[in-house]
Amino acid sequence: MYILYGSEVSLYTGKIRAYLNYKQLPFTEVLSTVSVYKKIIRPKTGVTFIPVVKTPSDEYLQDTARIIDYFEAQARANTQADTNTNHLSVVPNTPVQHLVSELFALWGDEWLVIPAMHYRWNKDNFPFIYEEFGQVVTPKAPKFVKAYFGKKLAKKFQGFVPLLGITEKSIPHIEDWYENTVLHYLNEHFATHNYLLGDKPCTGDFGLLGPLYAHLYRDPAPKQLMDKLAPNVAAWVKRMNNPSAEQHTSAAARNDINTPDFLENDEIPSTLLPLLKNMFAQQWPVLKNTSEALADWREKNASNENTLRFIPRTIGQHNFKIGRSETENVEEQRFVFSFHQYKLQRVLDVFNSIEQPSLELMSLLEEVGGLEYMRLEVKDRVAFEGNRLVFE
């Protein structure tokens, strides 16, 4: 039996909970109260981030991308796995789909945090959010008591909003982008596909689920917006959270196909192209600059070994653009998040692992503006020492 330490209000807990359910892994969920943080999470992981998964062998896994890596590797190593288990893999084994899956995982994990945080903290989600955070402090108290203590804790998380570049200047463009690009094109896609790449979820689906569930579907104000503007996205959120119903709701079942799978012939649905273009236009310049900023930061701190041992979560600020299109966007400042380089490396490693990229892959990347970015060379790679970021 695995143990998931997390919270319903937590973006990344929602992601890994859905993954564990989909993989049919036996687990219990423990609310990450103040006591759990003090007695388990901090001592066992060395950091204060959730979710954390405890394995039956007393390993404590942290960071959702690495947690999924762990379980996928376990499944591949288990030569006795039955056919059904093999078909539950969320990592496509064809190059184009594998790369696109990781691109969406990165986009969901690190870029859709922007609308997630905006719609949570700048919209009418109160006292709901305060009560949710109050669960962590006083889980058995009445709602009004939870709201009182939760408000104090929530202020800490609310303080991250301007760090992401969410300001009075950028908010109108963030809302326009989220509602008329993110929701619009995902709604069109999920009108004809159950998941990103076919009839079963990939790593990209789970990356998207984090922000699109915990913040943008559970919180009252953005939930109303999603239900109104993107009912197909809301239906996808429900599918992701209820994998046991998959055989009854998927196109595979309607066509009497026994095993849901990714699309054949390494196909990428054309409905995803506008989103791929948007992520390369907006997120990838930030990722490129993050890598450059991290190299500069290392050079400037080269004489201080203590400073260099663990890389801080933020290393200054840089500009970014966000909006519906290149002509309808705004430029603002945000903090440089060093962890994003680790996620950048994951995507580049997938591309660089393809021995002979096909003409179809190169044409796709050229079409969506991603070919130049796939050729990025990271000067100073990062890795993990325990659960803290270090230079490789």
Side-chain angles (χ1 to χ4, degrees), residues 5-7 9-13 15-16 32 37-38 41-52 60-67 105-118 120-121 133 136 153-167 207 210-211 214-215 283-302 304-320 322 332-347 378-392:
Y5 296 99
S7 168
V9 78
S10 158
L11 186 153
Y12 297 104
T13 300
K15 170 186 175 180
I16 209 64
S32 54
Y37 269 101
K38 182 178 180 180
I41 294 174
R42 183 184 286 275
K44 297 297 184 180
T45 68
V47 293
T48 55
F49 308 127
I50 58 171
V52 171
Y60 287 80
L61 311 176
Q62 196 277 320
D63 176 62
T64 54
R66 293 189 294 150
I67 291 172
L106 170 58
W107 192 56
D109 277 351
E110 309 301 341
W111 200 247
L112 292 191
V113 172
I114 297 172
M117 291 291 280
H118 163 60
R120 165 163 287 181
W121 298 112
F133 275 90
V136 175
L153 180 60
K155 290 296 182 183
K156 172 186 175 183
F157 291 88
Q158 196 169 5
F160 291 121
V161 169
L163 275 64
L164 295 166
I166 303 169
T167 66
H215 289 57
Q283 183 187 23
W284 277 77
V286 172
L287 293 169
K288 180 176 182 290
N289 188 257
T290 298
S291 183
E292 293 166 350
L294 193 55
D296 289 343
W297 181 86
R298 185 183 193 183
E299 186 175 343
K300 290 175 182 177
N301 289 276
N304 191 338
E305 292 184 5
N306 291 330
T307 300
L308 284 177
R309 185 181 176 197
F310 296 117
I311 303 171
R313 301 289 288 187
T314 60
I315 52 167
Q317 298 184 53
H318 57 183
N319 293 337
F320 77 108
I322 195 161
E332 185 55 287
Q333 277 203 326
R334 57 181 272 136
F335 275 63
V336 181
F337 295 94
S338 58
F339 179 72
H340 290 184
Q341 177 159 309
Y342 168 70
K343 305 301 278 293
L344 164 68
Q345 289 173 194
R346 292 174 61 89
V347 175
V378 175
K379 180 180 177 182
D380 295 300
R381 286 179 63 93
V382 297
F384 280 92
E385 183 179 313
N387 291 303
R388 301 184 67 178
L389 204 65
V390 297
F391 286 108
E392 197 175 74

In residues 381-392, what donor-acceptor pairs under 3.5 Å come from side-chain atoms, sequence neighbours left out?
from	atom 1	to	atom 2	distance (Å)
Arg381	NE	Glu392	OE1	3.0
Arg381	NH1	Asp349	OD1	3.1
Arg381	NH2	Asp349	OD2	3.0
Glu385	OE2	Arg309	NH2	3.2
Asn387	OD1	Arg66	NH2	2.8
Asn387	ND2	Thr45	O	3.0

Rounded distance (nearest 0.5 Å) linking atom [atom1] of [X] with atom [atom2] of [Y]:
X      : Y      : atom1 : atom2 : result
Leu287 : Trp111 : CG    : CH2   : 7.5 Å
His215 : His118 : NE2   : NE2   : 12.5 Å
Asn301 : Asp296 : CG    : CG    : 11.0 Å
Phe335 : Ile315 : CZ    : CD1   : 11.5 Å
Phe320 : Ile114 : CZ    : CD1   : 5.0 Å

Checklist entry - Step by step, would you call Tyr12 with Phe49 a ring pair (Phe, Tyr, Trp, His ring centres under 6.0 Å)? => result CA-CA 10 Å; Tyr12 297 104; Phe49 308 127; 9.7 Å; no

Do the side chains of [Y] and [X] get nearer than 4.5 Å, heavy atoms only?
X      : Y      : answer
Thr290 : Leu344 : no
Lys379 : Glu299 : yes
Val347 : Trp284 : yes
Trp121 : Ile166 : no

Heavy-atom pair of closest approach, residues [X] and [Y]:
X      : Y      : value
Thr64  : Pro51  : CG2-CG, 3.8 Å
Ile50  : Ser32  : CD1-OG, 3.4 Å
Ser10  : Thr13  : OG-OG1, 2.8 Å
Ala293 : Val336 : CB-CG1, 4.1 Å
Arg120 : Ala214 : NH2-O, 3.0 Å
Thr48  : Ile41  : CA-CG2, 4.4 Å

Item to check | Side chains of Ser291 and Gln341, donor plus acceptor under 3.5 Å | outcome: yes

Item to check | Side-chain (Ser338) to main-chain (Pro312) donor-acceptor, under 3.5 angstrom | outcome: yes

Checklist entry - Which pairs count as salt bridge (Lys or Arg N to Asp or Glu O under 4.0 Å) when at least one residue sits in residues 333-344, sequence neighbours excluded? => result Asp109-Lys343, Glu110-Lys343

Item to check | Verdict with reasoning, Leu163 to Phe337, per side-chain contact (heavy atoms from CB on, under 4.5 Å) | outcome: CA-CA 9 Å; Leu163 275 64; Phe337 295 94; 4.2 Å; yes

